[in-house]
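Working notes, structure below.
Each residue takes its place number in the sequence, starting with 1.
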Amino acid sequence: MPSRTPDAVAGPAWVPPAGKPPLSSRMMRAAWRGLPAKRHEVGWEPGLVVPAADGSPLLTDHFFPRAHSDFPTLLVRSPYGRGLPWSPQYGMLFAEQGFHVVLQSCRGTGGSGGVFDLWRNEAADGKAAVSWLRDQPWFNGTLGTVGPSYLGYVQWALALDPPPELKAMVVQVGLHDPCALFHADGVLRLENALAVGVGMNYQHQGMAPFLKATLRLQRRLRAVTTAQPLRGAYVSAFGSELPWLDDVMTHPDAKDAYWGGASLAKSAERLRVPTALITGWHDALVDQTFEQYDRLRQAGCETALLVGPWTHTSALQQGWPEVFAESVAWLRAHLYGDPSGLRPTAVRVHIGGENTWRDLDDWPPAAAATSWYPISGGHLTQQAPADSAPVTAFRYDPVDPTPSIGGPLLSRTAGPRDNGTLEARDDVLTFTGPPLTEPMDILGPVSARLSISTDTGHADVFTRLCDVDPQGRSVNICDGFGRLRTAEQAPSQVTVPMSSTAHRFPVGHRIRWQISGGAHPRYARNPGTGESPVDATTFTPVRITLHTDSALVLPSSSGLA
């Protein structure tokens, strides 16, 4: 393990302070099971003041192993405070494994000075934190980063121009493109925007204010999401205006100057810092993780990918034993030179439908693309159509929008759900294949080629892959959303990415393709007029017609090796 250079100026010996982590953190730590064995007792040095890039004071807590040895450091920068669950989950647990952990509140949050500006200061403030570390007597010159969601974004910000001390990164259910978090094909991801608003505005104030605000939003969610106009309606749930939330909601175009510099996709394009990526099949940011994995592989960067049966939040709850073990193994391999905990392959994915894990050399694995076509009667067939005749049609009414059920959300309603109630609606189409006589495995990206006409020219389309068991229960696997623009009732063609999956359809199960005109409040409803969904006060129903030359495209095989 690298240590300070021989010519470094020796300062006074560091005397570890006597403080213990707070009692609440120790109690939460004691509740976790199934984690790697503790290696060290942990000390705590709270409330350190670290100057940001412009001198603003950033409050920082230091967790450390109580042992006379040389330990690498992990930098964890967060806009969500330094209390529960961050203190035990990142400060204590990683310090127990032999790391100094520097847990820092981003500017304008958690008592830190300055004004929080969503993404604009993270690269400079991360560099300032590393500069401060270089002056600490316990810093041995070996640095790693770890953290989920926005705590992943700050890692990508530091990786834009990585300091020489940075030797490893672990990005868990991480963000690199804020615009894609808030918008899909120019359509507002409404539920995500509100969830982020609650998290950013309240979580750094402590668990009690955050939980209170979360419950208040749940009670008022319908009123907020059906307001006419939508703009500013969140104030009734949040109690005040959030200018940054207004901005992200009203800038749907990723090419808008407002989003300049927001995406950190290019961080991975030339990165040489070994980086582990962790996500879940129902994580709201799963596609961003796959994008960064592709970029890292193309750049020749050492990387690993773990995809579990998790949502954005359950990865850090039910999935925490696997996520933590994976994270520690990667950090020990690259900060200690101890690869003994690494798995033998670059990729490990959870296979839905059979509840097993599979090690793979790469993602996605090679698979043949198979097309399934809709035919009258609600059937799904692999026989290609001879023409582009209409199959069926439905009426989407934004006054009674098609509801969203499950899927990759930030809220507690995320994940796989029974879609029976949804599929019973008149504004939801389903096409179902025959019972399978042998298992079918879907590994890789799923997509829909849609041929659709409308009577108004303005519509959205929500498309979903479901697994129907022998009892008729339909459960969502993956989905996608796209905006349609049609003319003179002639069909328009659009390809909608439906994310990726690793799922086995067992014998007797059926493949189902679900199609509707929206998924509210996951996505803001299309007013049917061409007006912005944020400002619309007039809503027009639309008749949506599906044509036979549409197809559900699956990367399938007849069984896993």
When you compare the side chains of [X] and [Y], does any donor N or O come within less than 3.5 Å of an acceptor on the partner?
| X | Y | value |
| --- | --- | --- |
| Gln493 | Ser451 | yes |
| Asp427 | Ser516 | no |
| Tyr258 | Asp253 | no |
| Gln292 | Arg295 | yes |

Between [atom1] of [X] and [atom2] of [Y], what distance do you get to the nearest 0.5 Å?
| X | Y | atom1 | atom2 | value |
| --- | --- | --- | --- | --- |
| Arg504 | Asp441 | CZ | CG | 4.0 Å |
| Leu217 | Lys212 | CG | NZ | 14.5 Å |
| Asn121 | Phe116 | CG | CZ | 9.0 Å |
| Leu450 | Thr495 | CG | OG1 | 7.5 Å |
| Ser371 | Gln382 | OG | CD | 8.5 Å |
| Ile452 | Arg485 | CD1 | CZ | 13.5 Å |

Quick one, [X] and [Y] - any side-chain contact, counting heavy atoms below 4.5 Å?
| X | Y | result |
| --- | --- | --- |
| Ser500 | Trp363 | yes |
| Phe394 | Asp426 | no |
| Phe505 | Leu465 | yes |
| Thr289 | Leu305 | yes |
| Asp185 | Tyr523 | no |
| His503 | Val446 | no |
| Val468 | Thr430 | no |
| Asn419 | Val428 | no |

Would you name the heavy atoms of [X] and [Y] that are closest together and state the gap between them?
| X | Y | value |
| --- | --- | --- |
| Leu230 | Ala524 | CD2-CB, 4.2 Å |
| Ala536 | Pro527 | CB-CB, 3.7 Å |
| Leu380 | Pro374 | CD1-N, 4.1 Å |
| Ala268 | Leu296 | CB-CD2, 3.7 Å |
| Arg222 | Thr226 | O-OG1, 2.6 Å |
| Leu245 | Gly197 | CD2-CA, 4.4 Å |

Review point. So with a 6.0 Å cut-off around CZ of Arg425, is the heavy-atom count from everything else above 12?
Key: yes

Practice item. Step through the shown structure and confirm whether more than 12 heavy atoms of other residues, nucleotides or ligands are within 6.0 Å of CG on Asp387. Key: yes

Backbone of [Y] reached by a side-chain donor or acceptor of [X] within 3.5 Å:
| X | Y | value |
| --- | --- | --- |
| His204 | Gly110 | yes |
| Glu291 | Ala265 | no |
| Thr454 | Gly457 | yes |
| Tyr153 | Glu122 | no |
| Thr370 | Leu554 | yes |
| Gln155 | Val170 | yes |
| Gln514 | Arg464 | no |
| His547 | Ser388 | yes |
| His379 | Ile375 | no |
| Asn476 | Arg417 | yes |

Practice item. Just do the side chain to side chain donor-acceptor pair (under 3.5 Å) check on His509 and Asp469 with the steps written out, would you? Key: CA-CA 5 Å; His509 285 229; Asp469 69 16; 5.8 Å; no

Check your understanding: Between Thr275, Val146, Leu158, which is the residue that forms a side-chain contact (heavy atoms from CB on, under 4.5 Å) with Met169?
Key -> Thr275

Review point. Among Leu306, Asn355, Thr356, which one satisfies side-chain contact (heavy atoms from CB on, under 4.5 Å) with His350?
Key: Asn355

**Study point:** Trace of the side chain to side chain contact (heavy atoms under 4.5 Å, CB included) decision for Glu191 with Leu410
**Key:** CA-CA 8 Å; Glu191 197 167 352; Leu410 296 177; over 6 Å; no

Check your understanding: Between Trp119 and Trp259, does the ring centroid distance fall short of 6.0 Å?
Key -> yes

Review point. What class does the angle between the rings of Phe431 and Trp513 fall in, given that below 30° is parallel, 30 to 60° is tilted and above 60° is perpendicular?
Key: tilted

Point to revise | NZ/NE/NH1/NH2 to OD/OE distance under 4.0 Å, Arg522 and Asp479 | key: yes

Point to revise | Residues Glu423 and Arg512 bridged, charged N to O under 4.0 Å | key: yes

Point to revise | Test side chain to side chain contact (heavy atoms under 4.5 Å, CB included) applied to Trp156 and Gln288, step by step | key: CA-CA 12 Å; Trp156 293 121; Gln288 298 203 25; over 6 Å; no

Review point. Yes or no on side chain to side chain contact (heavy atoms under 4.5 Å, CB included) for Val198 and Gln203, after CA distance, side-chain angles and deciding distance?
Key: CA-CA 7 Å; Val198 169; Gln203 196 166 355; over 6 Å; no

Exercise for review: Take Arg525 and Tyr396 through the side chain to side chain contact (heavy atoms under 4.5 Å, CB included) test and state the conclusion after the steps.
Suggested key: CA-CA 10 Å; Arg525 51 188 173 166; Tyr396 174 79; 3.5 Å; yes

